[in-house]
Amino acid sequence: MKYIEALRNTLHHLLEEDDSVYIIGEDISEPYGGAFKVTKGLSKKFPERLIQTPMSEQAFTGMAIGMALAGLKPIVEIMFGDFIALVVDQLINHASKFWDIYGKKLHLVLRTPSGGYRGYGATHSQSLERIFMGIPGIKVVAPNILSDPGEVLRRSLYLGKPVVLIENKLDYGREILESGVVDEVFTLSIYDATFPVSKLKVLNESSEISFITYGGMVQILRDVQRKLLFEEDITSEIIALTDISDYDVNLIVQLVESKRVLVVEEGWSHFGWGSQVALDLRLMANLEVRRVGARPFNIPAAEPLENHVLPTVDRIFEETLRMLSQEV
Amino acid sequence: MKYIEALRNTLHHLLEEDDSVYIIGEDISEPYGGAFKVTKGLSKKFPERLIQTPMSEQAFTGMAIGMALAGLKPIVEIMFGDFIALVVDQLINHASKFWDIYGKKLHLVLRTPSGGYRGYGATHSQSLERIFMGIPGIKVVAPNILSDPGEVLRRSLYLGKPVVLIENKLDYGREILESGVVDEVFTLSIYDATFPVSKLKVLNESSEISFITYGGMVQILRDVQRKLLFEEDITSEIIALTDISDYDVNLIVQLVESKRVLVVEEGWSHFGWGSQVALDLRLMANLEVRRVGARPFNIPAAEPLENHVLPTVDRIFEETLRMLSQEV
Amino acid sequence: MDVDRTLYIRLYKKMFLIRVFEAKVEEMFRLGKLRGTTHGCIGQEAVAVGVLENVDLSRDYVTGTHRSHGHFLALTGKVFELISELMGKKTGIVRGKGGSQHLHYGNFYTNGITGGMIPVAVGLGMAKKLKGEEGVVISFLGDGGMNEGYVMEALNLAGVYKTPNIFVLENNCYAMSTITENFTSGKFDERVKGFGLEYHYLKALDVVEVYGFFKKIYERVRKERYPVFVEFETYRFCGHSKSDRREYVVKEWEDFWHANDPLEKCRSRIPAKVVEDVEKEIINFVEEEFRRVLAAPYPDPGEDLF
Amino acid sequence: MDVDRTLYIRLYKKMFLIRVFEAKVEEMFRLGKLRGTTHGCIGQEAVAVGVLENVDLSRDYVTGTHRSHGHFLALTGKVFELISELMGKKTGIVRGKGGSQHLHYGNFYTNGITGGMIPVAVGLGMAKKLKGEEGVVISFLGDGGMNEGYVMEALNLAGVYKTPNIFVLENNCYAMSTITENFTSGKFDERVKGFGLEYHYLKALDVVEVYGFFKKIYERVRKERYPVFVEFETYRFCGHSKSDRREYVVKEWEDFWHANDPLEKCRSRIPAKVVEDVEKEIINFVEEEFRRVLAAPYPDPGEDLF
Ligand SMILES: Cc1ncc(C[n+]2csc(CCOP(=O)(O)OP(=O)(O)O)c2C)c(N)n1
Ligand SMILES: Cc1ncc(C[n+]2csc(CCOP(=O)(O)OP(=O)(O)O)c2C)c(N)n1
Ligand SMILES: [Mg+2]
Ligand SMILES: [Mg+2]
């Protein structure tokens, strides 16, 4: 099944099973079904459960918070991940406060497609989810193709705390992998924590390097993984988190087989997601850690520039070889 | 001289010296002179250079960006640091883009008082500057009482790139220390990088532990420093950065005398400023690093709770003793 | 006693309670017995009391602002719980975690971002509408808050979705030290109509008039379920917050409102003896509650953080 | 040839250039020769051309939107530089870094956040005012963008500070697939007046009428220096973006605008022979420029990132 279908099916089921679920956002109803078509078809079956909005990200996010306070379960779609910049106040200064200062359970998910590699340019390609990481009362999650994105969405909605759910534009069209043997030489295991953690490694081999990542980077790392194996005979493992702001460090440490870890994210490295992850791994397990992320420039539209700024297969591949060439 | 006076004097000089400097914000003019009185008196002398605004943080920040695009040098005051949540889009999706995608030099500073310990509660006590750290095209700076805050402001305005300047509410009333011998037993040195780095250590002694910090935490660390020295005979050094988002790791590593470093910040630790700093120090110099920051709760108003969530002298003191009791 | 007089007495008690409470808070700050900050509503009591006398918190929602002691007291009369909250005591309505600006009690919510609750309030109204529940949402906001973009977006949403929201603008002329009309282009009534909302206006001089005026609006919205906007002209006699010396005030407005203090107006409708008894009782009550709070326990990080 | 005819020809050339350009961009997308996304303005050319014919980029500022190819071409005619930008070539106006939505050329700026440039434009106007410089700021925005809070805040600021800003609303009925009037409570004219701004309206059927109408406004603002808001009713014949199949359109509006295509109207005022020559020339020119761009170099990370 495709990633987008998994999300859409889950939205469908949630609407069907639970009367208090609503979907809110711009252009989500028929005939458009959302800029990336995630909600396509849903308004036909549930016309009064999809609340299409004017372009007012701040207020409709606030509206969703109010609905959640009143016991409903709104799922907000922010059309592009870049536009979460507009809802920072409503999430950080409102929703997150109600959650602990007022002790209110909020069933609220804000979904948004993040990331680049499509030539959309500086305001439509960013990975701004970092803004919400580590903010008490907000969880940031990100599905990927190594487990069911729908399940991540479902658990987010029933968590009882505001969740920012980061989807990836390029993942929408990708197939989700099933656990077990993949492509004959790899094996996928899914560890069922509150939010799943997946590991894709070479069948019956221990891994020389571990990649820790989330979201759309998984696909790029799969290419790196093959290239390493087929061109250099190097075994690697991809450990993909879905709870990216409150992951269980112990679980990750247990899953890491190698002494070398490369933390890979699409966002800017400096003060990025990987800063915390790398520090955790370094302090908890004294692993050899390196990082790859976007270079410190706004994301250009032109292909050669975009591919220079964002992490690529080649850059990760080379960084891996460099790590492996060094003593531990 | 007091911290607030240094800022106010510099604003005064900047207005006097440079016709293109403007100050923009809520209640900044006479008779109020700003919620924290930083601009007190200025509108009397420069009535047309202070642009008081309605409560419209997004639009007046955008207005300042436009003024900067047109070659002026606006200094925006956001009344409380918590409200920078409202200007994330204008800074990240506008100002920062003009800076590198359009290659425009922008002389633009956004000043805001950050931090807690005053019982103001969850929406008036946060340290949200983390939002802008590591965003290309934006610099985050924070003065402290170990060097001239006015100089930090001045350099920010002439940098040519949007700067978020984090002031500290409690620092306003504090005296700035002069370099040289302090209180007979300490010595303060100021390293004049693009933005100054200060080091306050025990006179003629090497340091057993180094604190790396910024902003208002300096004062708390001074108390810790004395307590360590006078109660436990332990020498320590406070290294206070003012460029907190693009600091020079090499300089810091050079300045650190001990093998143990405690990175101290007022904001939440998880995915905080210290995550990157600690990682840098760990990877660059393999120093023993620990961190203290706010605990993961929204900041409560009640004193015992606020003091539990925010870092205190006692908590840092104890963390220091714990570190020193461990082998390196 | 006629109905009218009973009403005046009932409302006077509430207004007087709020005023005594706020004055006591100011005193406590002066004495250094309160941390944090606070925004008093001395002068504006007629709005809080007149409006909220209509409300039924068991089915309605109320959202407040940074200046909501009066709203809370008008709704609940719970002096002990409020002062506990301001003093950071465990007996506060949110265990001292919120302080003056972050109150929550049942269906009543406030927050410290000016106007930030207006989008949230539209969501509460939306929930009422979607669930087909009775009840409406009453939301206070200030003249300064009217210029915040998210407030304007929210007014549009309420109009688009026809939610049962009543927006109550307490136009007290100032936003901190800013004379709002000097920083507002156009007029609020035209703006509100530009959002397709029904607009009402009243100068809040007489609490019983406020009560009656609002009652009609309230009943209509309860029944017909569409958003309405009500602007009250009012005035704050105290500083914006504890440290404000009120150097920016406009003399003409000061004079007018001091000559027309809604508390005095209400008082004048009640027999002197009754006033005397009522006031004494309330003053004693507030003093007593403050004393009780002093003895109340502080919250404990182990138990009360979450 | 009379003045009028010269004008029609001049404006027709620009409109036709824009239409041919946008059609070519659509074709390139279909052929897979363009990355990214794009927002065409086919149908709306009369606004861009009529408005910007008045502008002098050496002293005025212009801010655009996500849909600004037409604005740029009307201002500069630089086809090679624009298509270079869309194709991510080094010869693009910002070296391919911006792409379709992030254009900058001299005093012309666009960005991808709908309405996000309106606050910035007020700042440009403020700078004009503070420096005592000549020139005004012309800013385009869409009907959808009108419901963004920061846009409304900015309209208020322009009114408060009396900046020389002209806001040009291109009301093309839709925001992506959303029929804006169904998601807007109240009317734009009332809203704008609620911000104390002078409001003007024109249905943009005839480019020369747009030109003349705007010329008067423009001259007044140049001289009297206060903010003005102009709403043009217009229509987009193409999809919102490359992937839009336009399933949401309202037939009545489609029919009206196709029967009243401003390009046709303008064309009808020009002798057939002239039209024929002009069109041929432009088509060839655009084809040629696209070909030149194909051969142009890509930017280099080492040199062109900053
Ligand atoms: C978003 C935001 N900006 C600024 C402030 C600081 N502040 C608190 S109250 C206030 C003035 C509010 O004026 P108004 O809305 O008229 O309410 P009033 O204080 O008169 O009741 C200001 C500027 C804030 N709390 N939130
Ligand atoms: C803040 C923001 N929200 C949403 C979008 C996505 N988006 C781009 S254009 C558009 C519709 C814009 O409609 P309108 O303002 O009427 O301009 P038009 O496209 O009709 O020219 C949307 C929703 C965006 N770019 N920015
Ligand atoms: Mg007010
Ligand atoms: Mg439109």
Side-chain angles (χ1 to χ4, degrees), chain A residues 15 18-26 46-76 86-108 110 136-137 160-162, chain C residues 59-61 63 85 92-99 101-133 135 137 139 148-161 163 165 195 299 304-306:
Chain A
L15 289 167
D18 186 340
D19 276 352
S20 60
V21 175
Y22 288 85
I23 304 180
I24 298 170
E26 295 162 6
F46 308 96
E48 71 301 327
R49 307 279 289 291
L50 270 78
I51 304 177
Q52 185 156 324
T53 67
M55 287 169 60
S56 306
E57 287 83 358
Q58 303 178 72
F60 70 68
T61 298
M63 179 174 85
I65 296 168
M67 288 167 64
L69 267 184
L72 299 179
K73 301 193 188 74
I75 302 172
V76 176
L86 286 165
V87 304
V88 177
D89 178 68
Q90 279 295 333
L91 286 180
I92 296 187
N93 285 329
H94 294 81
S96 87
K97 278 21 177 192
F98 305 155
W99 184 75
D100 73 349
I101 303 286
Y102 298 165
K104 295 287 293 184
K105 269 207 185 323
L106 295 183
H107 296 282
L108 171 66
L110 190 134
K161 159 173 171 174
Chain C
R59 51 183 176 175
D60 299 326
Y61 286 104
T63 71
E85 189 59 40
I93 49 173
V94 292
R95 289 186 275 171
K97 285 185 286 186
Q101 298 194 78
H102 313 89
L103 307 176
H104 164 45
Y105 178 82
N107 282 345
F108 174 67
Y109 294 94
T110 79
N111 194 38
I113 305 298
T114 47
M117 290 302 284
I118 302 300
V120 176
V122 172
L124 294 169
M126 192 71 167
K128 283 279 170 213
K129 178 180 160 148
L130 293 170
K131 292 178 175 179
E133 280 178 7
V137 184
S139 301
E148 294 282 13
Y150 42 86
V151 170
M152 300 189 257
E153 288 184 2
L155 295 181
N156 181 53
L157 289 190
V160 167
Y161 301 122
T163 55
N165 280 90
F195 289 114
D304 296 311
L305 261 181
F306 189 72

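Only heavy atoms go into these numbers, but all of them, side chains included; no hydrogens, no water, no symmetry mates. Order of the sequence lines fixes the chain letters, A, B, ..., with proteins taken first and strands second; residue numbering starts at 1 for each chain.
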*Asks:* Which atoms of Lys128(C) are under 4.5 Å from chain A, going by heavy atoms: the side chain, the backbone, both sets, or neither?
*Replies:*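 Contact with chain A: none, neither part.
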*Asks:* Measure Thr53(A) against the heavy atoms of chain C and call it side chain, backbone, both or neither at under 4.5 Å.
*Replies:*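 It is both, since atoms from each part get that close.
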*Asks:* Take atom OH of Tyr105(C) as the centre, draw a 6.0 Å sphere, and report whether it contains more than 12 heavy atoms from other residues, nucleotides or ligands.
*Replies:*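 Result for OH/Tyr105(C): open.
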*Asks:* Can you tell which part of Asp19(A) gets under 4.5 Å to a heavy atom of chain C, answering side chain, backbone, both or neither?
*Replies:*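 Neither; nothing under 4.5 Å.
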*Asks:* Identify the two heavy atoms, one from Gly115(C) and one from Val151(C), that lie closest to each other, and give their separation to 0.1 Å.
*Replies:*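 Result for this residue pair: O-CG2, 3.4 Å.
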*Asks:* Mind checking the CE-OG spacing from Met63(A) to Ser56(A)? Nearest 0.5 Å is all I need.
*Replies:*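 Output value for this atom pair is 9.5 Å.
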*Asks:* Where on Leu130(C) is there a heavy atom nearer than 4.5 Å to chain A: the side chain, the backbone, both, or neither?
*Replies:*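 Both backbone and side chain of Leu130(C) come within 4.5 Å of chain A.
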*Asks:* What part of Phe98(A) gets closer than 4.5 Å to chain C, counting heavy atoms only: side chain, backbone, both or neither?
*Replies:*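 The side chain, not the backbone.
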*Asks:* Taking side chain as everything from C-beta outward and backbone as N, CA, C, O, which of these in Asn107(C) sits under 4.5 Å from a heavy atom of chain A? Side chain, backbone, both or neither.
*Replies:*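 No part of Asn107(C) comes within 4.5 Å of chain A.
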*Asks:* Among Arg95(C), Glu133(C), Met126(C), Met152(C), single out the residue with the greatest number of heavy-atom pairs under 4.5 Å to chain A.
*Replies:*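 The option with the most such pairs is Met126(C).
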*Asks:* Between the side chain of Lys73(A) and the main-chain N/O of Tyr22(A), is any donor-acceptor distance below 3.5 Å?
*Replies:*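 No, because the side chain of Lys73(A) does not come within donor-acceptor range (under 3.5 Å) of the backbone of Tyr22(A).
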*Asks:* Do the non-hydrogen side-chain atoms of Thr163(C) and Val137(C) ever get within less than 4.5 Å of each other?
*Replies:*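 No; the side chains remain at least 4.5 Å from each other.
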*Asks:* If you tally heavy-atom pairs under 4.5 Å against chain A, which of Ile93(C), Asp304(C), Leu155(C), Leu103(C) wins?
*Replies:*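 Most pairs with chain A among the choices: Leu103(C).
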*Asks:* Check residues 116-125 of chain C and write down every donor-acceptor pair under 3.5 Å in which the side-chain atom is one partner and the other belongs to a residue at least two apart or another chain.
*Replies:*
none

*Asks:* With a 4.5 angstrom heavy-atom cut-off, which part of Tyr161(C) approaches chain A: side chain, backbone, both or neither?
*Replies:*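 Only the side chain of Tyr161(C) comes within 4.5 Å of chain A.
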*Asks:* Looking at Ile24(A), Asp89(A), Thr61(A), Ile65(A), which one has more heavy-atom pairs under 4.5 Å with chain C than the rest?
*Replies:*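 Going by pairs under 4.5 Å, I would pick Asp89(A).
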*Asks:* How many angstroms lie between CG in Leu157(C) and OH in Tyr150(C), if you round to the nearest 0.5 Å?
*Replies:*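 Those atoms lie 15.0 Å apart.
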*Asks:* Can you list every side-chain hydrogen bond (donor to acceptor under 3.5 Å, both in side chains) pair that touches residues 110-125 of chain C, not counting sequence neighbours?
*Replies:*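 Sorted pair list: His94(A)-Asn111(C).
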*Asks:* Given that the side chain runs from C-beta out, which part of Glu57(A) has a heavy atom under 4.5 Å from chain C: side chain, backbone, both or neither?
*Replies:*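 For Glu57(A), backbone heavy atoms alone lie under 4.5 Å from chain C.
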